[in-house]
Amino acid sequence: MLHKITHILDKAGLAWISPVVRLCAGENPREQGRQIFRLIGVPLIAILLFLGAWAVIAPKVETNVGTLPGPAAVWEQAGGLWQDHRAERERRAEFYAAQEQRRAAFEERFPDREWTAREYSGRPTYIHQIVTSLKTVFMGFFFASAFAIPIGIICGMSKTVYTAVNPLIQIFKPVSPLAWLPIVMILVAALYTTDNPMFERAFLSSAIVVALCSLWPTLINTAVGVASIDKDHLNVARVLKLSWHTKVIKIIIPSSLPYIFTGLRLSLGVGWMVLIAAEMLAQNPGLGKFVWDMYQSSSSQTLSLILVAVFTIGLLGFLLDRIMLTLQQLVTFDESSV
Amino acid sequence: MDPTLLDDYKRPFLELSQLGKTYPTPRGPAVILKDLNLRIRKGEFIALIGHSGCGKSTALSMIAGLNSVTEGVMIMDGKEIDGPGPDRGVVFQSPCLLPWMTAFENVMLGVNQVYFHVSRRERRTIAEHYLQRVGLGDAMHKRATDLSNGMKQRVGIARAFALDPKMLLLDEPFGMLDQLTKYELQDVLLGLWGKDQKTALMVTHDVDEAIFLADRVVMMTNGPAAKVGDILEIDYPRPRDRHALLADANYYRYREHLIGFLENCELEKEKIAREKAENAASKKAKEPTLV
């Protein structure tokens, strides 16, 4: 039981909790105490040291929008943004409640006339911007995976295809998102012309740029994973004369899943990093636009608000990475034992 | 001589003629096999022994179709062997199970392929039957990674037999197992083979295993350019009993014969190596005079 819990924690990337669990189960307190200090205490001390240094140095740095904010100011602004979001949500609820009342009154007076409901047109809050950013990055990540995994599999299976595609990969891989964005925005504006668009153009452009920059690790890792499949496993497929389709589904994909997920994890990391730049330029209402707008407004709070965004971006990136790491470990089988 | 037997020899089930394998290397072609001739009757169990690296596994994988042929022809059941196929069930040295599948799914992968014309239920029955026969009735739904080496090789045997192949090719299947597990699996193998009467070719370096299992033991000479050096007929009735065999006087004669052959090969190899060294030495000795 205990072993199972700690195993799950390990897989979830929460190995630092397991000594606490062991301690609660009454396992050798001294040893567990040392483990807790090593896994939780040390990082905690490092964070406190960082915050201390920041608090001391920040007030000494003068800029044209005031001194650099310390941790306390940033924390205050984060709380402010949260308050702002709650207030906005209340206003929204009030708006809809009032509209509902008006609708009831309207239908009572004019039962034969159509009521037209109106959307609440409040400005997006910080939380909405986070959600938009997450949506954009996952959209881009989805595009990237849908393209990179199949191409990667084909590249891994055929040396000829790999040799053909490799120069293109090497050329496009180092291109910055800032170079892609103008092209993508022009193309989206030219080609995505429906009267009733499912996505905002800025959203689509950002997502495509995220995809273009983040598909390479998945493509390369998938190709490497497929190319390095155990020859014995392929021999099994040859002896059984499996069809191409069955071979891919039953042998090639399962056996390269660990590699594919390593690639996906790297891709999501790259995508998240690229996203902020893409949103800044494409004016997609996410975290990137938030940072840009704060910079433009240049008020006394500018720096602390941008720092809130920096920490949000960092923490969310860390969280996404952890989720991918857990998925990656779930699909990894113990190859050495077969 | 029994006329039907003569007929069998005329049209053997598997015939290897003038089989050769050469690998190109930077230092010129390396000849692994040359002029390998062998005729195997239907239902016969052949053990192929030889020193490690002599090319016996290469020969087996050529029959399996996994390795290309440089020279010569292989004819099985009247048809030339051309690439791999499920009519030859292969048991690999490492069990080669797919680690993300259960034992049952590993066997089903082949069964689905061969019995595509019967219902899913019948296919399941076939896979279950063979897993039971190799003694994995209770463990068939375990993941391949959770099985011991012996159990994995049992799955490997079940997978090969479940294809209902015309021929079995076994590449040192018990090489990695401890003695007791080896004995158990030899019995499992003989049990299945005895019932289905498949033609079998097994590569091994274990002399006792060869005598216990085979009708004929084919000895290969040392490489390079290995070929069949000698064939020993093992004249024991079946089913065979390990203990009765060990008590038999002939057993040690067979054993002497095989070990003698292998030792001879080794001596030959040493002789060749020594001659080579002497040649090189004499060349060197001559060199100063040339300069």
Side-chain angles (χ1 to χ4, degrees), chain A residues 1 3-4 7-8 10-11 149 152-153 156-159 221-222 224-264 326-338, chain B residues 57 60-68 81-103 105-116 142-149 151-153 155-156 159-160 162-165 167-171 176:
Chain A
M1 181 63 194
H3 177 73
K4 240 182 187 163
H7 182 70
I8 290 168
D10 275 357
K11 287 254 153 167
I149 294 174
I153 288 174
M157 285 173 76
S158 156
K159 249 201 143 83
N221 270 278
T222 307
V224 169
V226 172
S228 62
I229 291 178
D230 196 339
K231 216 162 176 256
D232 291 343
H233 294 161
L234 290 177
N235 276 344
V236 170
R238 288 177 66 195
V239 167
L240 297 178
K241 274 207 168 147
L242 296 182
S243 63
W244 190 84
H245 174 82
T246 320
K247 187 170 96 177
V248 170
I249 299 281
K250 296 264 183 177
I251 295 184
I252 288 177
I253 292 181
S255 124
S256 45
L257 263 191
Y259 280 90
I260 294 178
F261 268 82
T262 308
L264 288 177
T326 307
L327 285 176
Q328 187 189 336
Q329 287 185 341
L330 284 179
V331 299
T332 306
F333 46 86
D334 194 359
E335 177 120 47
S336 58
S337 62
V338 166
Chain B
S57 287
L60 188 112
S61 69
M62 281 160 81
I63 300 169
L66 295 171
N67 210 332
S68 67
I81 292 175
D82 178 25
D87 55 345
R88 277 149 289 149
V90 184
V91 181
F92 299 93
Q93 180 171 19
S94 64
C96 283
L97 302 184
L98 304 175
W100 51 88
M101 291 186 182
T102 63
E105 287 166 342
N106 266 289
V107 176
M108 272 306 265
L109 189 66
V111 173
N112 282 335
Q113 202 59 22
V114 176
Y115 296 92
F116 53 87
K142 276 193 183 168
R143 279 248 206 166
T145 34
D146 297 334
L147 300 176
S148 68
N149 272 343
M151 284 163 107
K152 278 178 206 156
Q153 201 50 284
V155 181
R159 179 172 61 185
L163 299 176
D164 190 26
M167 181 163 190
L168 277 170
L169 299 168
L170 305 113
D171 187 5
M176 304 196 313

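These figures come from a predicted structure and were not determined experimentally. Naming: A, B, ... by sequence-line order, numbering from 1 per chain. In what follows, every heavy atom counts, from backbone to side chain, and hydrogens, waters and symmetry copies are set aside.
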Measure B/R88 against the heavy atoms of chain A and call it side chain, backbone, both or neither at under 4.5 Å.
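For B/R88, the contact with chain A is made by the backbone alone.
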With a 4.5 angstrom heavy-atom cut-off, which part of B/L66 approaches chain A: side chain, backbone, both or neither?
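Contact with chain A: backbone and side chain both.
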I need the minimum non-hydrogen distance between [X] and [Y], along with the two atoms involved.
| X | Y | value |
| --- | --- | --- |
| A/K241 | B/P84 | CE-O, 3.1 Å |
| B/P86 | A/L240 | CG-O, 4.2 Å |
| A/V236 | B/C96 | CG2-O, 3.6 Å |

Go through it in stages, so that I can follow the logic: the residues are A/D232 and B/S94, the test is side-chain contact (heavy atoms from CB on, under 4.5 Å), and I'd like the CA-CA distance, side-chain angles, deciding distance and then a yes or no.
CA-CA 8 Å; A/D232 291 343; B/S94 64; 3.2 Å; yes
To the nearest 0.5 Å, tell me how far B/M101 CE sits from A/I251 CD1.
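Going from CE on B/M101 over to CD1 on A/I251, the span is 6.5 Å.
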side-chain hydrogen bond (donor to acceptor under 3.5 Å, both in side chains) against A/S243, all qualifying residues, sequence neighbours excluded
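side-chain hydrogen bond (donor to acceptor under 3.5 Å, both in side chains) check on A/S243 returns A/T246.
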Donor-acceptor pair, B/W100 side chain versus A/K250 backbone, under 3.5 Å?
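Side chain of B/W100 to backbone of A/K250, a donor-acceptor pair under 3.5 Å: yes, one is there.
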Between A/H233 (side chain) and B/P99 (backbone), is there a donor-acceptor pair under 3.5 Å?
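Here the side-chain-to-backbone pair does not exist.
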